[in-house]
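Reading through the structure tokens given below for one structure.
First listed ligand is number 1; within each ligand, the first listed atom is number 1.
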Amino acid sequence: MTKRVVVLAGDGIGPEIIAEAVKVLNVLQQRAGLAIHTEAALVGGAAIDVTGYPLPKETLDLAQKADAVLLGAVGGYQWEHLDIRIRPEKGLLGLRAGLDLFANLRPVVLFPQLRHASTLKAKVVAGLDILIVRELIGGIYFGQPRGIRTLANGERQGYNTLVYSESEIERVAHVAFALAQKRSKRLCSVDKANVLEATELWREVVTRVGKDYPDVSLSHLYVDNAAMQLVRAPKQFDVMLTTNLFGDILSDLASMLSGSIGMLPSASLDKNNKGLYEPIHGSAPDIAGQNKANPLATILSVAMMLRHSLNEAAMADQIEQAVSDVLSQGIRTADICQAGETPVSTSAMGDAVVAALAAGLE
Ligand code: NAD
């Protein structure tokens with residue numbers, strides 16, 4: 001049956017990297033029988049410019065009816081003056097909440113060809129393969145009340161609320177434990193239970209859920225220690241489970257272990273494995289429009305989409321193999337170049353992946 005995929009290019013480098021991901025989908029449609037129907041729609045600043053809203057109703061409607069959503073990135077300098085309630089980033093938060101995407105999967109894998117691209121010593125990161133599972137639609141990013149108020153003494157005060165209910169923790173913990181079962185059966189839950197009551201409950205509930213997965217060994221770390229350990233000895237981790245805010249920060253930190261934020265894909269899943277797939281980086285306004293962004297995180301997000309939402313695991317493997325082949329050929333965008341290497345453009349990198357993929361399909 002033909003599956004529906006909504007493609008949201010977004011802002012900044014979004015349209016450039018999404019164009020390369022679409023080339024990859026086209027090859028699979030033409031040469032491997034991938035049965036999908038793609039529809040483009042507006043989100044973020046691009047949507048604000050046309051409709052006044054970062055997540056127009058028709059985009060959310062299309063996304064809700066689709067089997068999967070592929071997103072570039074949102075945000076940029078030109079929308080930073082807007083009220084925070086209608087900024088581009090609200091489009092993304094609205095999509096995550098509107099699709100009930102509570103589990104965010106962020107694999108941090110170091111391709112052996114890039115072991116020298118990391119700022120850490122090659123021996124520290126060689127063979128790295130971590131999966132960060134981040135709770136995505138709860139915690140302090142969504143908690144109420146929130147805002148900026150004026151106190152009786154005239155001083156302004158910003159405030160947000162960190163809130164997690166048991167069911168919110170349980171459902172994402174089940175996802176993380178099930179994924180750990182398919183990997184090396186080790187799960188580390190990251191919290192700040194020594195200071196924050198919401199994460200004291202987090203630790204208690206994760207421990208309780210763990211009783212259903214006796215084959216998975218569960219450990220707990222405070223987030224400050226987890227940040228330190230990720231840089232000191234990252235290979236001690238397999239699956240890491242954490243809250244929305246901590247996951248946001250730790251996964252950006254972990255991205256540098258892999259050489260570049262431009263290498264890391266992500267999947268955000270609902271309870272039926274319907275998902276939103278996007279690179280973990282933002283819209284990179286500093287390099288937008290220059291055809292130099294790395295499209296591999298977006299292309300690897302397509303692989304995750306095929307595996308998790310479209311039931312095409314073999315095609316996902318073929319994309320990942322094509323990316324690996326291209327890296328073995330020494331083809332690099334600027335962000336993963338070593339001294340003496342000449343970077344290729346966004347589109348040249350996309351073309352190289354398409355060529356490697358097509359060769360693998362012959
Ligand atoms: P960013 O991830 O856009 O950029 C951080 C740095 O990484 C920049 O130097 C950028 O050039 C570089 N970079 C990012 N992606 C790259 C790629 N594919 N190839 C090469 N280099 C790359 O983060 P930021 O600068 O903090 O945010 C810029 C905008 O993006 C802001 O408006 C922010 O709100 C938004 N943002 C959006 C998302 C999203 O859409 N999911 C995520 C994070 C930030």
Assess whether salt bridge (Lys or Arg N to Asp or Glu O under 4.0 Å) is satisfied between E39 and K65, documenting all intermediate values. CA-CA 11 Å; E39 289 162 280; K65 286 187 202 124; over 6 Å; no
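- Contact check on K274 versus D100 returns no salt bridge, with no Lys/Arg side-chain nitrogen under 4.0 Å from an Asp/Glu carboxylate oxygen.
- Across K185 and D238, no two heavy atoms sit closer than the pair N-OD2, 4.1 Å.
- Protein residues having a heavy atom under 4.0 Å from any atom of ligand 1 are I13, A73, V74, G75, G76, E89, L92, I261, G262, E278, H281, G282, S283, A284, P285, D286, I287, A293, N294, D335, listed by chain and number.
- Residues L71 and Y277 fall into different hydrophobic clusters, defined by Ile, Leu, Val, Met, Phe, Trp and Tyr side chains chained together at heavy-atom separations under 4.5 Å.
- Between the OG1 atom of T51 and the CD atom of E58 there is a distance of 8.0 Å, given to the nearest 0.5 Å.
- With salt bridges taken as basic N to acidic carboxylate O contacts below 4.0 Å, one links K192 and D224.
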